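Below: one structure, written as structure tokens.
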There are 2 protein chains.
Amino acid sequence: MTPAAAAVDLLSGRERLDVIHREIRRRICTLEYAPGEALKETALAEEFGVSRTPMRQVLQRLEFESLVESRRGVGTLVTRVEFDALREVYELRMKLAEMIGELSPRAPTAEDIAAMEVLEARCRALRDTQDSREFAALNLDFHECLMTLVGSAPLRETLSRQFHRTARIWLSWDEALDWAEEIDRFEREIGELLVALRVSDMRSVGYAHRNHISMSLLRIRRHVERSRTGEG
Amino acid sequence: MTPAAAAVDLLSGRERLDVIHREIRRRICTLEYAPGEALKETALAEEFGVSRTPMRQVLQRLEFESLVESRRGVGTLVTRVEFDALREVYELRMKLAEMIGELSPRAPTAEDIAAMEVLEARCRALRDTQDSREFAALNLDFHECLMTLVGSAPLRETLSRQFHRTARIWLSWDEALDWAEEIDRFEREIGELLVALRVSDMRSVGYAHRNHISMSLLRIRRHVERSRTGEG
DNA sequence: GTTGCGCCAGATGTGTACAACTGACCCCGA
DNA sequence: TCGGGGTCAGTTGTACACATCTGGCGCAAC
């Protein structure tokens, strides 16, 4: 029995499928599965200790989320992230982030703040290691932590969906990034959020996150333009 | 062979499933399937001339869209629309509507305007009939027409998803509504959109739609409060 | 050497039998 | 009459066999 199968075989029904879904999504968002790579239902089913039928449910859910695309006779291909689509997603995410403090905002608890402080510490520890896998994991965990602060369920779902759709873009430029600067930026964002959280100012949380997305898009645009110039 | 099966059996693969999905979604949004009603995979599969496997795909997609909920040993239940959830959805839709003219707006063509004029005519014709089925169909068609004007794909998907989630709320108050007033309001909204479309002012389109959603939420709130008062 | 055709391993899509579970009905006893 | 427990018809969840299709490889003709 594979480790993955051992981890999920004691769960039952819907929970098991949720765990498998999260795990495969994690692999896609951390580039363990590269864009364009063909996943195979049979291999995944065997790894997780289930038959093809529930594994296909998971993959279809990922297809609705635009993370994979099933093609008959070929495989289930991990999607690529095109810049135009990414720009539209980021522009939407910016607007959605503004709403965090406006739509049914939830007052942050001491636990929320503590969880965010743990992330801040992990980010600080990351400075020297340049571990891109841990960076990816931190990014996903940060998002999840932020989502717990969103009071409006439909807003939370929408934010989460759009986030995962493009989360892997950073890792694909591994060497091209100024690592220290990226860590600095990330740590600064978490710091800003913590300041706002400690005074229960969810509007500031939303706007700070919005600004982070905005600046990310600017950097992506610069990076893409530089690449195109280099190619032409 | 049932009529539904005859209509879809010449399509193949993904298209066939899309057609079935749209049809069942339509039935839910027009209250042909009442909230709480248990749909049966076997019966639906037989009606559409497919086996349970693809029909389950469709139902799972509807479950992701929060329109049904599968429960083992019971059936696939059409969800109910609670007011708190509805309020959150409407508040999000209001914000999303504002973005129609801001995120990648698309210039309306003569065809777009013509299509909207057809809807206006249908709305006018509806005034005397009080045909709630046609009202529901018109509402869905209007939404679809509006969505063709949205340039940003992620925004369009999100708007559509949130719309369908609550679209059936109107029909459940069939007798309680002032029919003539509802038709008037609807016709006025289409009229406002047409004015904006004719001058290619997509911002006005978005804001007009936002206002329509806002006033709808107000009326829903009034209706709910009146019902609760009446009950208590 | 190049091109084109055909075969085929292997992938996803579909149908079906069986397992697991739920809710209601019925019957029996107090 | 009412309460409780067992039985069972009917439903969704799972596994698997088969149908259908794709892309690549190899061979033959030119």
Side-chain angles (χ1 to χ4, degrees), chain A residues 1-2 4-21 24 28 33-80, chain B residues 1-2 4-21 24 28 33-80:
Chain A
M1 183 184 290
T2 68
V8 303
D9 75 335
L10 46 91
L11 299 172
S12 66
R14 195 172 288 104
E15 275 191 42
R16 182 162 63 176
L17 264 59
D18 284 345
V19 169
I20 297 175
H21 169 263
I24 298 181
I28 293 173
Y33 295 147
E37 182 173 344
L39 307 182
K40 283 166 272 188
E41 294 176 355
T42 309
L44 285 173
E46 192 176 1
E47 179 188 347
F48 287 97
V50 295
S51 79
R52 276 186 60 212
T53 305
M55 183 54 63
R56 277 174 62 76
Q57 293 183 33
V58 171
L59 292 175
Q60 279 157 26
R61 181 169 169 189
L62 291 169
E63 187 163 15
F64 291 141
E65 298 170 338
S66 304
L67 293 180
V68 302
E69 179 189 351
S70 285
R71 288 173 58 180
R72 182 187 189 123
V74 179
T76 302
L77 281 56
V78 178
T79 55
R80 299 174 189 282
Chain B
M1 182 184 291
T2 68
V8 303
D9 75 336
L10 44 92
L11 299 172
S12 66
R14 196 171 289 105
E15 274 191 43
R16 180 163 62 175
L17 264 60
D18 284 345
V19 169
I20 297 175
H21 169 262
I24 298 181
I28 293 173
Y33 295 147
E37 182 173 344
L39 308 181
K40 283 166 273 189
E41 295 176 353
T42 309
L44 286 171
E46 191 176 2
E47 178 188 349
F48 287 99
V50 296
S51 78
R52 275 185 60 211
T53 305
M55 183 54 63
R56 277 174 62 76
Q57 293 182 35
V58 171
L59 292 176
Q60 280 157 27
R61 182 171 169 187
L62 291 169
E63 188 163 14
F64 291 141
E65 297 169 339
S66 303
L67 294 180
V68 301
E69 179 189 351
S70 285
R71 287 172 59 177
R72 185 189 187 119
V74 180
T76 302
L77 279 56
V78 178
T79 56
R80 300 175 187 281

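Computed from a predicted model, the values in this text were never measured in an experiment. The analysis underlying the following values was restricted to heavy atoms, covering all of them including side chains, and did not include hydrogens, waters or symmetry mates. Convention: sequence-line order gives letters A, B, ...; per-chain numbering from 1.
- Across all strands shown, B:Arg56 has heavy atoms under 4.0 Å from base atoms, whether or not it also approaches the sugar-phosphate.
- Counting all heavy atoms, side chain and backbone alike, B:Ala45 lies closest to B:Arg52 at CB-N, 4.0 Å.
- Remark: P of C:dG15 and CD of B:Glu46 are 13 Å apart, rounded to the nearest angstrom.
- Note: CZ (B:Arg72) to P (C:dG23) measures 13 Å, nearest angstrom.
- A straight line from CG of B:Leu44 to P of C:dG15 spans 15 Å, rounded to a whole angstrom.
- Comparing B:Leu59 and A:Gly73 by the nucleotide of DNA chain D that holds the closest heavy atom to each, the one mapping nearer the 5' end is B:Leu59.
- At the phosphate of C:dG15, OP1 or OP2 sits under 4.0 Å from a side-chain N or O atom of B:Ser51.
- Protein atom CZ of B:Arg71 is 21 Å distant from nucleotide atom P of C:dA20, rounded to whole Å.
- Minimum atom distance to the side chain of A:Pro54 is reached by D:dA15, of the listed D:dT11, C:dT22, D:dA15.
- At least one side-chain heavy atom of A:Leu44 sits under 4.5 Å from a side-chain heavy atom of A:Leu59.
- Between B:Phe48 and B:Ile24 the shortest side-chain heavy-atom distance falls below 4.5 Å.
- Considering only the side chain of A:Glu41, C:dG13 comes nearest among C:dG23, C:dG13, C:dT14.
- Here A:Glu63 pairs with A:Val68, A:Glu69, A:Ser70, B:Arg14 under the side-chain contact (heavy atoms from CB on, under 4.5 Å) rule; sequence neighbours left out.
- Remark: the A:Arg52 side chain and the C:dG13 base include a donor-acceptor N/O pair separated by less than 3.5 Å.
- At a threshold of 4.5 Å between non-hydrogen side-chain atoms, the residues A:Leu17 and A:Arg61 do not count as touching.
- If you check every strand for non-hydrogen atoms under 4.0 Å, A:Gln57 touches sugar and phosphate atoms only.
- As a whole-Å value, the separation of A:Met55 CE from C:dT12 C1' is 15 Å.
- For the pair B:Lys40 NZ and C:dG23 C1', the interatomic distance rounds to 14 Å; values are reported in whole Å.
- Here A:Thr76 does not reach the OP1 or OP2 of C:dA11: none of its side-chain N or O atoms lies under 4.0 Å away.
- Note on A:Leu39: only backbone sugar-phosphate atoms sit closer than 4.0 angstrom, heavy atoms only; bases stay farther off.
- Atom CD of B:Glu63 and atom C1' of D:dG13 are 12 Å apart (whole Å).
- Summarising the geometry, the separation between CZ on B:Arg16 and C1' on C:dT12 is reported as 15 Å, rounded to the nearest angstrom.
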